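This one's a predicted model, so the numbers in the text were calculated from it and none came from an experiment. Letters A, B, ... mirror the listed sequences (proteins, then strands); counts begin at 1. Because only heavy atoms are used, hydrogens play no part in the values below, and waters and symmetry mates are left out as well, while side chains stay in.
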Amino acid sequence: MHRYRTHTCGALRQENAGQEARISGWVHRKRDHGNLLFVDLRDQHGLTQCVTDISSPAFKILEAARPETVLCVTGKVVPRSGETANDKLPTGRIELVVGTVDILSEAAVLPMQVAGEQEYSEEMRLSYRFLDLRREKMRDNMLLRSNVIASLRRRMWAAGFHEYQTPILTASSPEGARDFLVPSRIHPGKFYALPQAPQQFKQLLMTSGFDRYFQIAPCFRDEDSRADRSPGEFYQLDFEMAFVTQDDVFDTITPVLAGVFEEFGNGRPVTQGAFPRITYADSMLKYGSDKPDLRNPLLITDVTEAFKGSGFGLFAKNIDKGAIVRAIPGPKSSDQPRSWFDKLNEWARENGAGGLGYIQFKAEGPAGPIAKNLDAERVAKIKAATGANDGDSVFFVCDQPEVAAKFSGLVRTKICDELGLLDRSKFMFCWIVDFPMFERNKDTGQIEFSHNPFSMPQGGMEALLNQDPLTIKAFQYDIVCNGVELSSGAIRNHRPDIMYKAFEIAGYKNEDVEARFGGMLNAFKYGAPPHGGSAPGIDRIVMLLADEPNIREVILFPMTGRAEDLLMQAPNSVSEKQLRELHIKLNLPKESVAKAEVKTEAKA
RNA sequence: GGGGGCGUAGUUCAGUUGGUUAGAACGUCGCCCUGUCACGGCGAAGGUCGCGGGUUCGAGUCCCGUCGCUCCCGCCA
């Protein structure tokens with residue numbers, strides 16, 4: 001018989017009845033009847049009830065064993081009679097009658113319980129992550145994550161990709177997020193940087209003649225956290241393809257993502273076939289966001305014309321000053337009480353808007369404060385433009401274009417929420433395409449890259465030479481699912497001449513470009529294939545599949561919002577010797593010095 | 001860097017208008033219990049109310065500061 005187990009805690013069934021079996025695991029729960037004792041033994045695979053009574057020498061040992069003690073139990077598999085069977089457990093038709101028991105590891109009194117659904121503070125969970133991870137929900141999430149990654153790998157290989165490893169210690173990239181730096185011992189005063197993404201490496205791989213690359217790639221960015229953004233590090237399904245158009249990239253990755261969501265989505269419907277493509281401009285207009293949640297059925301429309309020079313002076317005056325008006329429908333809400341509209345107006349004020357205007361299209365005619373000040377023709381125009389029916393209402397946001405677009409997106413979400421219109425059971429994907437290549441900086445008036453400077457401008461060199469830069473689109477795209485940005489990607493600019501020109505428009509001299517991006521630029525001078533790719537975020541994919549609102553729920557050992565690992569005590573101070581070797585002298589702000597001293601004392 | 005929420009037994013929480021000895025549940029420990037599966041019953045231990053200061057005859061409660069967790073803005077090519 002195996003030293004520790006003949007079966008896992010989830011394996012035994014009725015057909016094993018009569019066999020001798022050995023299982024090992026953690027004491028999940030005990031039910032002590034004085035002379036009869038049940039112990040639920042748990043491992044990764046499940047739960048098995050073990051039973052013993054006062055006549056057994058094992059009884060005393062088990063009675064004294066605290067929850068989460070690790071045991072090895074050997075005994076006889078016995079069927080449970082009708083009334084004592086437990087159909088909630090796969091192993092519920094049998095139990096293990098304890099013959100001998102071996103304590104493999106004792107457990108101290110627990111700071112947090114593993115069994116049960118009790119919620120614990122983030123601090124508690126992260127400090128005792130090893131206990132937290134023993135809980136069913138977390139175990140399921142981590143197994144899901146592992147299975148999702150395995151499936152992504154299978155699907156990428158099947159699509160002709162190979163997986164390659166790119167450096168973790170690399171150079172600081174001048175654009176983008178804040179880098180994590182690693183001091184060099186051999187080169188005093190110089191630093192490596194952890195990659196924000198393997199972007200340049202994968203483009204170099206294409207230039208080196210490798211056709212289809214992918215990697216489950218760790219990425220490091222020293223930026224503040226959010227609920228869907230872990231501080232410090234995260235994983236991407238990073239991929240890149242040579243000799244492809246934007247359509248090729250879409251056609252290749254769509255079945256991979258849709259397939260994974262079908263496989264792990266528990267039957268929740270997934271966008272079928274090609275994902276809808278929405279231009280950036282359209283997305284900002286209709287959804288008020290560049291990551292629209294298509295489960296929300298509401299569409300925004302522009303109704304500036306209807307208010308221009310109208311009797312509703314507040315909007316008319318603002319329009320003369322360059323404002324626009326966006327309309328958000330509120331289906332079947334015209335008979336909501338006044339207080340409902342007032343509350344929404346209050347919400348709008350709290351969120352920095354002047355307020356939230358509205359028209360109620362009641363059966364007996366348009367109503368509400370705005371309707372009174374607009375002539376019938378204009379009201380009818382709004383009704384037609386928004387497609388509102390009798391019984392609906394329509395909300396209005398009036399502000400400068402960018403502010404109005406963004407806020408109407410918030411209103412769209414809020415109204416959908418208020419009216420309960422979101423279908424949570426679906427995964428709805430889309431591509432956001434045609435991002436602008438350049439934009440004007442509001443403060444400086446300068447033309448800047450609006451996203452990735454290495455994307456290919458649509459129209460290539462000719463567009464850069466002949467078009468108003470602000471009208472040039474890039475071959476740049478995002479994948480969005482249920483309002484979550486899964487990734488951005490692009491067809492890259494592989495032509496040095498076009499790159500120089502694009503940077504020139506954004507105000508860079510050739511020598512600046514060479515100084516900052518010399519490595520990649522140089523490679524492109526010796527024959528580079530047209531290429532493009534993307535990098536869907538693994539953590540976010542798993543988050544969506546697990547239906548978790550927070551990214552920490554799908555990461556084994558996450559850091560706190562302030563980028564601390566409570567389990568490993570990172571970051572931490574290092575020894576004088578280590579600092580000397582790295583040629584580093586600390587120059588700390590006063591508060592940190594005080595704090596560091598306190599920390600040392602507490603430890604001693 | 002800025003704003004919001006939370007912080008009370010080991011844990012999750014309750015705690016009225018500022019007023020006697022700060023409560024409950026789970027956990028822990030002890031006793032009882034031979035068919036439970038969130039077993040049940042009886043009992044006990046367990047608190048610097050995050051920390052510091054202030055107002056007050058009196059502060060868990062009010063005020064100021066600070067620390068921690070968290071959500072958002074900034075930031076995230």
[X] [atom1] - [N] [atom2] separation (whole Å):
{"X": "A:K88", "N": "B:U36", "atom1": "NZ", "atom2": "P", "value": "12 Å"}
{"X": "A:E83", "N": "B:U36", "atom1": "CD", "atom2": "P", "value": "8 Å"}
{"X": "A:E117", "N": "B:C13", "atom1": "CD", "atom2": "C1'", "value": "17 Å"}
{"X": "A:Q236", "N": "B:C76", "atom1": "CD", "atom2": "C1'", "value": "12 Å"}
{"X": "A:R93", "N": "B:U36", "atom1": "CZ", "atom2": "C1'", "value": "17 Å"}
{"X": "A:K30", "N": "B:G40", "atom1": "NZ", "atom2": "C1'", "value": "16 Å"}
{"X": "A:E439", "N": "B:A77", "atom1": "CD", "atom2": "C1'", "value": "11 Å"}
{"X": "A:R178", "N": "B:G1", "atom1": "CZ", "atom2": "C1'", "value": "10 Å"}

For [X], report the nucleic acid contact type (base, sugar-phosphate, nothing); a contact means any heavy atom under 4.0 Å.
{"X": "A:T84", "answer": "base"}
{"X": "A:A85", "answer": "base"}
{"X": "A:E95", "answer": "base"}
{"X": "A:G561", "answer": "sugar-phosphate"}

- Query: Is it true that atom CZ of A:R495 has more than 12 heavy atoms of other residues, nucleotides or ligands lying nearer than 6.0 Å?
  - Reply: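 Open: at most 12 neighbouring heavy atoms sit under 6.0 Å from CZ of A:R495.
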- Please check if atom CZ in A:R125 has more than 12 non-hydrogen atoms from other residues, nucleotides or ligands closer than 6.0 Å.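 More than 12 heavy atoms, drawn from other residues, nucleotides or ligands, come within 6.0 Å of this atom.
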With no hydrogens and no angle check, do the side chains of [X] and [Y] hold a donor and an acceptor under 3.5 Å apart?
{"X": "A:E548", "Y": "A:N141", "value": "yes"}
{"X": "A:N441", "Y": "A:E448", "value": "yes"}
{"X": "A:Y213", "Y": "A:Q215", "value": "yes"}

RNA chain B contacts among [range], heavy-atom distance under 4.0 Å:
{"range": "residues 218-231 of chain A", "answer": "A:R221, A:E223, A:D224, A:R226, A:A227, A:R229"}
{"range": "residues 35-45 of chain A", "answer": "A:N35, A:L36, A:F38"}
{"range": "residues 73-80 of chain A", "answer": "A:R80"}

[N] to [M] separation - [atom1] atoms, rounded to the nearest Å:
{"N": "B:A44", "M": "B:C26", "atom1": "P", "answer": "15 Å"}
{"N": "B:G46", "M": "B:G52", "atom1": "P", "answer": "22 Å"}
{"N": "B:G15", "M": "B:A25", "atom1": "C1'", "answer": "15 Å"}
{"N": "B:C29", "M": "B:G68", "atom1": "C1'", "answer": "32 Å"}
{"N": "B:U16", "M": "B:U11", "atom1": "P", "answer": "22 Å"}
{"N": "B:A9", "M": "B:U61", "atom1": "P", "answer": "14 Å"}
{"N": "B:C76", "M": "B:G5", "atom1": "C1'", "answer": "24 Å"}
{"N": "B:U17", "M": "B:G4", "atom1": "P", "answer": "24 Å"}

Taking side-chain hydrogen bond (donor to acceptor under 3.5 Å, both in side chains) as the test, write out the residues that go with [X], two or more places apart.
{"X": "A:H7", "answer": "none"}
{"X": "A:S55", "answer": "A:D53"}
{"X": "A:R129", "answer": "A:D132"}

Quick one: look up who [N] pairs with, Watson-Crick or G-U, both distances under 3.5 Å, and put none if it's unpaired.
{"N": "B:U21", "value": "none"}
{"N": "B:A44", "value": "B:U28"}
{"N": "B:U34", "value": "none"}
{"N": "B:G65", "value": "B:C51"}

- Message: Can you work out whether A:D53 or A:R29 has the more 5'-proximal nearest nucleotide on RNA chain B?
- Response: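 On the 5' side of the pair lies A:D53.
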- Message: Closest-nucleotide mapping onto RNA chain B: is A:D32 or A:P67 further toward the 5' terminus? I mean the 5' end.
- Response: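 By nearest-heavy-atom nucleotide position, the 5'-most residue is A:P67.
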ring-ring contact (aromatic ring centres under 6.0 Å, His included) partners for [X], two or more places apart:
{"X": "A:Y280", "value": "A:F435"}
{"X": "A:F250", "value": "A:W431, A:Y477"}
{"X": "A:Y287", "value": "none"}

As a test of reading the structure: which of [options] is closest to the side chain of [X], going by heavy atoms?
{"X": "A:R66", "options": "B:U11, B:A77, B:C29", "answer": "B:C29"}
{"X": "A:I54", "options": "B:C39, B:U28, B:U34", "answer": "B:U34"}
{"X": "A:E122", "options": "B:C26, B:U70, B:A77", "answer": "B:U70"}

- Query: Who passes salt bridge (Lys or Arg N to Asp or Glu O under 4.0 Å) against A:K343, sequence neighbours left out?
  - Reply: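 Testing A:K343 for salt bridge (Lys or Arg N to Asp or Glu O under 4.0 Å), a comparison that skips the adjacent residues, returns none.
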- Could you list the residues that satisfy salt bridge (Lys or Arg N to Asp or Glu O under 4.0 Å) with A:R412, not counting sequence neighbours?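 By the salt bridge (Lys or Arg N to Asp or Glu O under 4.0 Å) rule, A:R412 matches no residue at all.
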- Message: According to ring pair (Phe, Tyr, Trp, His ring centres under 6.0 Å), does anything in residues 29-75 of chain A pair up with another residue at least two apart or in another chain? List the pairs.
- Response: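 Listed once each, the pairs are A:H33-A:F38.
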Under 4.0 angstrom between [X] side-chain N/O and [N] OP1 or OP2:
{"X": "A:R31", "N": "B:U36", "result": "no"}
{"X": "A:R552", "N": "B:U70", "result": "yes"}
{"X": "A:S121", "N": "B:U12", "result": "yes"}

- Counting N and O atoms only, with roles assigned by atom type, does the side chain of A:D43 sit under 3.5 Å from a partner on the main chain of A:C9, one being a donor and the other an acceptor?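 Yes, because the side chain of A:D43 sits within donor-acceptor range (under 3.5 Å) of the backbone of A:C9.
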- Item | Stacked pair A:H33-B:U36, distance under 5.5 Å, angle under 30° |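 Here A:H33 fails the 5.5 Å or the 30° condition.
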- Kindly say whether, by distance alone, the side chain of A:Q49 makes a donor-acceptor pair under 3.5 Å with the base of B:U36?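 A donor-acceptor contact between them is present.
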- Message: Let's test your reading of the model: under 3.5 Å, does the base of B:G27 pair with the side chain of A:Q118 as donor and acceptor?
- Response: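 Answer no: no donor N or O sits under 3.5 Å from an acceptor.
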